Amino acid sequence: PIPGRPPDLANLPQGCRFAARCRSAQESCVDELPELQDGGGLQHLYACHFPVGTPEGDEARATNLAAGTTATGLDIEHLEAYIS
């Protein structure tokens, strides 16, 4: 789950709508809206630069854990404790 409040729909951020509360957020998430992708089977679609369970997602999360923060300034240790 992604904790926190959803974005203000009247004032959406430039990049990914979840970047401000995502534990894997990188600079590209803040700047660029990810494209909708086919998640394979059962009509599953997603839009993410660093999807959970992918090498890219694992690397982004590890980078943020090492830095202690995400590209948006989210305290990653607090977030990890909240999610776990």
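Everything numeric here is computed off the predicted structure, so don't read it as measured data.
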query = According to the side chain to side chain donor-acceptor pair (under 3.5 Å) rule, which pairs have a member within residues 3-19, sequence neighbours left out?
reply = none

task = List, by chain and number, the other hydrophobic cluster members for Leu12, where Ile, Leu, Val, Met, Phe, Trp and Tyr join if side-chain heavy atoms come within less than 4.5 Å, directly or indirectly.
result = Leu9

query = Does Glu59 CD have over 12 foreign heavy atoms under 6.0 Å away?
reply = no

Close side-chain approach of Gln26 to Asn64, heavy-atom, < 4.5 Å = yes

Which atom pairs, one a donor and one an acceptor, fall under 3.5 Å between side chains of residues 31-40 and the rest of the protein, sequence neighbours left out?
{"unit_1": "Asp38", "atom_1": "OD1", "unit_2": "Gly40", "atom_2": "N", "d": "2.8"}

ask   = Is the backbone of Asp75 close enough, under 3.5 Å, to the side chain of Thr69 for a donor and an acceptor to pair up by distance?
value = no

remark   = CG (Leu74) and OG (Ser24) are apart, to the nearest 0.5 Å, by 10.5 Å

query = Which heavy atom in Ala25 sits nearest to a heavy atom in Cys29, and how many Å separate them?
reply = CA-SG, 3.9 Å

Pairwise distance OG1(Thr70) to CZ(Arg21) - rounded to 0.5 angstrom = 12.5 Å

inquiry  = One pair to check against side-chain contact (heavy atoms from CB on, under 4.5 Å): Phe50 and Ser28. What are the steps and the verdict?
reply    = CA-CA 10 Å; Phe50 304 98; Ser28 59; 3.4 Å; yes

